[in-house]
Amino acid sequence: MSNIDEVRLGFETAYIDGSVVSSDIYRPQFVSNNRKEGKKVLSSIEDEIMACDSFQISVAFITMSGITPFLQTLKELEKKNIRGEILTTNYLNFSEPKALKKLNELSNITIRMYDVEAAHEGFNTKGYIFKKDEIYRIIIGSSNITSAALTINKEWNTKLISTEHGEMAEEIVAEFNRLWNSKYSLSFDDFYENYYARYSILMARM
(Lines give C-alpha, C1' and ligand atoms only; values in the text may rest on other atoms or scores of the structure.)
Protein backbone atom coordinates (compact mmCIF):
# COMPACT_ATOMS: atom_id res chain seq x y z
CA MET A 1 0.00 0.00 0.00
CA SER A 2 1.37 3.43 -0.94
CA ASN A 3 1.88 6.25 1.57
CA ILE A 4 -1.02 8.16 0.03
CA ASP A 5 -3.32 5.14 0.34
CA GLU A 6 -2.24 4.81 3.98
CA VAL A 7 -3.08 8.49 4.55
CA ARG A 8 -6.52 8.05 2.99
CA LEU A 9 -7.23 5.04 5.19
CA GLY A 10 -6.06 6.96 8.27
CA PHE A 11 -8.46 9.78 7.41
CA GLU A 12 -11.32 7.29 7.21
CA THR A 13 -10.55 5.98 10.68
CA ALA A 14 -10.11 9.45 12.20
CA TYR A 15 -12.98 11.30 10.56
CA ILE A 16 -15.52 8.82 9.21
CA ASP A 17 -15.53 5.45 10.98
CA GLY A 18 -13.36 4.72 14.01
CA SER A 19 -13.77 0.97 13.53
CA VAL A 20 -11.75 1.04 10.30
CA VAL A 21 -8.32 -0.47 10.88
CA SER A 22 -5.41 1.76 9.83
CA SER A 23 -1.83 2.47 10.83
CA ASP A 24 -1.50 5.04 13.60
CA ILE A 25 1.54 6.40 11.71
CA TYR A 26 -0.83 7.75 9.06
CA ARG A 27 -3.83 8.54 11.26
CA PRO A 28 -4.73 12.03 12.56
CA GLN A 29 -4.86 11.92 16.35
CA PHE A 30 -5.84 13.87 19.43
CA VAL A 31 -2.65 14.53 21.43
CA SER A 32 -2.92 15.30 25.14
CA ASN A 33 -1.53 14.52 28.57
CA ASN A 34 -3.36 11.87 30.58
CA ARG A 35 -1.63 10.52 33.67
CA LYS A 36 -4.10 7.66 34.18
CA GLU A 37 -3.53 6.40 30.63
CA GLY A 38 0.19 7.19 30.62
CA LYS A 39 -0.18 9.59 27.68
CA LYS A 40 2.10 12.59 27.21
CA VAL A 41 2.36 15.23 24.51
CA LEU A 42 6.11 14.80 24.96
CA SER A 43 5.97 11.21 23.72
CA SER A 44 4.18 12.16 20.50
CA ILE A 45 6.70 14.91 19.73
CA GLU A 46 9.65 12.65 20.56
CA ASP A 47 8.34 9.96 18.20
CA GLU A 48 8.05 12.44 15.35
CA ILE A 49 11.45 14.04 15.95
CA MET A 50 13.18 10.66 15.88
CA ALA A 51 11.51 9.66 12.59
CA CYS A 52 11.63 12.89 10.56
CA ASP A 53 13.92 14.10 7.77
CA SER A 54 13.53 17.74 8.86
CA PHE A 55 11.40 19.79 11.25
CA GLN A 56 10.11 23.28 11.99
CA ILE A 57 8.78 24.39 15.37
CA SER A 58 7.01 27.62 16.32
CA VAL A 59 6.22 28.14 20.01
CA ALA A 60 5.85 31.19 22.21
CA PHE A 61 7.70 29.75 25.20
CA ILE A 62 10.76 27.53 25.61
CA THR A 63 12.24 26.48 28.96
CA MET A 64 15.20 24.35 29.94
CA SER A 65 12.94 21.75 31.54
CA GLY A 66 11.02 21.62 28.27
CA ILE A 67 13.98 20.90 26.00
CA THR A 68 15.96 18.62 28.33
CA PRO A 69 14.07 15.43 27.32
CA PHE A 70 14.82 16.19 23.64
CA LEU A 71 18.51 17.04 23.91
CA GLN A 72 19.89 13.54 23.41
CA THR A 73 17.59 12.98 20.44
CA LEU A 74 18.57 16.34 18.95
CA LYS A 75 22.23 15.42 19.33
CA GLU A 76 21.57 12.18 17.45
CA LEU A 77 19.89 14.20 14.70
CA GLU A 78 22.93 16.50 14.65
CA LYS A 79 25.14 13.50 13.82
CA LYS A 80 22.79 12.64 10.93
CA ASN A 81 22.60 16.29 9.80
CA ILE A 82 18.81 16.34 10.21
CA ARG A 83 18.01 20.05 10.12
CA GLY A 84 15.56 21.89 12.35
CA GLU A 85 14.25 25.46 12.54
CA ILE A 86 12.85 26.72 15.85
CA LEU A 87 10.98 30.02 16.09
CA THR A 88 10.12 31.48 19.47
CA THR A 89 9.30 34.96 20.78
CA ASN A 90 10.09 37.57 23.41
CA TYR A 91 6.38 37.58 24.31
CA LEU A 92 6.13 38.21 28.08
CA ASN A 93 9.92 37.59 28.27
CA PHE A 94 9.09 34.06 29.41
CA SER A 95 11.49 31.85 27.43
CA GLU A 96 14.65 30.95 29.32
CA PRO A 97 17.89 32.24 27.76
CA LYS A 98 19.75 29.13 28.93
CA ALA A 99 17.41 26.93 26.90
CA LEU A 100 17.75 29.10 23.80
CA LYS A 101 21.53 29.05 24.08
CA LYS A 102 21.57 25.28 24.48
CA LEU A 103 19.53 24.84 21.31
CA ASN A 104 21.77 27.25 19.41
CA GLU A 105 24.82 25.18 20.33
CA LEU A 106 23.52 22.35 18.14
CA SER A 107 24.87 22.74 14.62
CA ASN A 108 21.72 21.31 13.02
CA ILE A 109 19.37 23.75 14.77
CA THR A 110 18.69 27.32 13.67
CA ILE A 111 16.77 29.39 16.21
CA ARG A 112 15.10 32.76 15.73
CA MET A 113 13.09 35.05 17.99
CA TYR A 114 10.04 36.97 16.78
CA ASP A 115 10.10 40.47 18.29
CA VAL A 116 6.51 41.14 19.32
CA GLU A 117 7.29 44.64 20.50
CA ALA A 118 8.72 45.73 17.16
CA ALA A 119 5.91 43.97 15.32
CA HIS A 120 3.24 45.47 17.62
CA GLU A 121 1.37 42.18 17.79
CA GLY A 122 1.13 39.16 20.03
CA PHE A 123 2.65 35.81 19.14
CA ASN A 124 1.31 32.70 20.83
CA THR A 125 1.72 29.90 18.30
CA LYS A 126 2.25 26.26 19.26
CA GLY A 127 3.06 24.19 16.21
CA TYR A 128 5.42 21.31 15.45
CA ILE A 129 6.00 20.43 11.78
CA PHE A 130 7.77 17.18 10.87
CA LYS A 131 8.55 16.04 7.32
CA LYS A 132 9.41 12.49 6.28
CA ASP A 133 9.73 11.87 2.55
CA GLU A 134 6.58 13.41 1.01
CA ILE A 135 4.51 13.23 4.21
CA TYR A 136 4.01 15.97 6.82
CA ARG A 137 3.01 15.20 10.39
CA ILE A 138 2.01 18.39 12.15
CA ILE A 139 1.06 18.80 15.83
CA ILE A 140 -0.86 22.01 16.52
CA GLY A 141 -2.69 23.06 19.65
CA SER A 142 -1.86 24.45 23.05
CA SER A 143 1.54 23.04 24.05
CA ASN A 144 4.64 25.19 24.39
CA ILE A 145 8.07 23.64 25.03
CA THR A 146 7.80 23.58 28.82
CA SER A 147 7.86 20.54 31.06
CA ALA A 148 4.34 21.12 32.37
CA ALA A 149 2.85 21.63 28.91
CA LEU A 150 4.49 18.50 27.53
CA THR A 151 3.81 16.16 30.44
CA ILE A 152 1.12 17.13 32.96
CA ASN A 153 -1.00 20.14 31.98
CA LYS A 154 -4.42 19.79 30.44
CA GLU A 155 -3.39 20.37 26.83
CA TRP A 156 -5.34 19.88 23.60
CA ASN A 157 -3.43 19.26 20.39
CA THR A 158 -4.24 17.72 17.04
CA LYS A 159 -1.79 15.73 14.94
CA LEU A 160 -2.49 16.28 11.26
CA ILE A 161 -1.22 14.01 8.51
CA SER A 162 -0.82 15.40 5.00
CA THR A 163 1.12 14.92 1.82
CA GLU A 164 3.37 17.83 0.90
CA HIS A 165 0.78 18.86 -1.68
CA GLY A 166 -2.17 18.86 0.73
CA GLU A 167 -3.83 22.24 1.24
CA MET A 168 -3.59 22.14 5.04
CA ALA A 169 0.12 21.37 5.10
CA GLU A 170 0.86 23.93 2.40
CA GLU A 171 -0.93 26.68 4.38
CA ILE A 172 0.74 25.81 7.69
CA VAL A 173 4.24 25.55 6.23
CA ALA A 174 3.72 28.78 4.27
CA GLU A 175 2.67 30.58 7.47
CA PHE A 176 5.71 29.27 9.33
CA ASN A 177 7.99 30.41 6.52
CA ARG A 178 6.31 33.83 6.42
CA LEU A 179 6.98 34.32 10.13
CA TRP A 180 10.47 32.82 9.89
CA ASN A 181 11.45 35.20 7.09
CA SER A 182 9.77 38.25 8.63
CA LYS A 183 11.90 41.29 9.37
CA TYR A 184 10.76 40.87 12.99
CA SER A 185 12.34 37.40 13.28
CA LEU A 186 15.81 37.93 14.67
CA SER A 187 18.75 35.54 14.42
CA PHE A 188 20.30 34.25 17.64
CA ASP A 189 23.26 36.63 17.45
CA ASP A 190 20.92 39.57 16.92
CA PHE A 191 18.56 38.88 19.83
CA TYR A 192 20.37 36.90 22.50
CA GLU A 193 22.40 39.48 24.43
CA ASN A 194 19.57 42.00 24.69
CA TYR A 195 17.04 39.33 25.59
CA TYR A 196 19.35 37.80 28.20
CA ALA A 197 19.87 41.21 29.82
CA ARG A 198 16.14 41.92 29.99
CA TYR A 199 15.33 38.47 31.28
CA SER A 200 17.99 38.75 34.01
CA ILE A 201 16.60 42.09 35.18
CA LEU A 202 13.08 40.70 35.36
CA MET A 203 14.23 37.62 37.31
CA ALA A 204 16.15 39.80 39.76
CA ARG A 205 12.96 41.71 40.57
CA MET A 206 11.00 38.58 41.39
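The residues of the chain are indexed from 1 along the displayed sequence.
- Residues L77 and I49 have side chains in contact (heavy-atom distance under 4.5 Å, counting atoms from C-beta outward).
- Remark: side-chain polar atoms of N177 are paired, donor with acceptor, to backbone N or O of V173 under 3.5 angstrom.
- The aromatic rings of Y195 and F191 lie perpendicular to each other, with more than 60° between the two planes, well past the 30° mark.
- Under a 3.5 Å cut-off, the side chain of S58 and the backbone N or O of T125 do not form any donor-acceptor pair.
- Of the inter-residue distances, the one linking N93 atom CG with Y199 atom OH reads 9.5 Å to the nearest 0.5 angstrom.
- Closest approach of N33 and A148 over heavy atoms only: ND2-O, 4.0 Å.
- Across all their heavy atoms, Q56 and E85 have their closest contact at NE2-OE1, 3.1 Å.
- Formation of a donor-acceptor pair under 3.5 Å by the D115 side chain with backbone atoms of E117 is found in this model.
- In this structure, A14 and R27 approach most closely via the heavy-atom pair CB-CG, 4.2 Å.
- Nearest approach of G10 to P28, heavy atoms of both residues: O-CD, 3.7 Å.
- Each salt bridge (Lys or Arg N to Asp or Glu O under 4.0 Å) pair with one or both residues in residues 143-169, not counting sequence neighbours, appears once here: E48-K159, K131-E164.
- Side-chain atoms of Y136 and I161, non-hydrogen and from C-beta on, never get closer than 4.5 Å to each other.
- Judged by distance alone, the side chain of T13 and the main-chain N or O of G18 form no donor-acceptor pair under 3.5 Å.
- Counting heavy atoms from C-beta on, the side chains of I145 and T63 never come closer than 4.5 Å.
- Proximity of I57 to L87: side-chain heavy atoms (C-beta onward) are nowhere separated by under 4.5 Å.
- The residues E175 and R178 are annotated as salt-bridged, a charged nitrogen and a carboxylate oxygen being separated by less than 4.0 angstrom.
- Heavy-atom minimum distance, A149 versus N144: CB-O, 3.5 Å.
- Between Y184 and Y114, the ring planes are perpendicular. Angles over 60° get that label, and only those under 30° would be called parallel.
- In this structure, D17 contributes its side chain and S19 its backbone to a donor-acceptor pair below 3.5 Å.
- The two residues P69 and E46 make their nearest non-hydrogen contact at O-OE2, 3.4 Å.
- Within the 4.5 Å cutoff, the side chain of K126 has no heavy atoms near those of the V41 side chain.
- Panel note: side chain E96, backbone I62; no donor-acceptor pair is recorded below 3.5 Å.
- Between N157 and S143 the shortest side-chain heavy-atom distance falls below 4.5 Å.
- With Y26 as the aromatic partner, R137 meets the cation-pi criteria of under 6.0 angstrom to the ring centre and within 45 degrees of the ring axis.
- At a threshold of 4.5 Å between non-hydrogen side-chain atoms, the residues L186 and N90 do not count as touching.
- S32 places a side-chain heavy atom less than 4.5 Å from the side chain of F30.
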* F61/F94 under ring pair (Phe, Tyr, Trp, His ring centres under 6.0 Å): CA gap, chis, key distance, verdict -> CA-CA 6 Å; F61 307 141; F94 186 88; 4.7 Å; yes

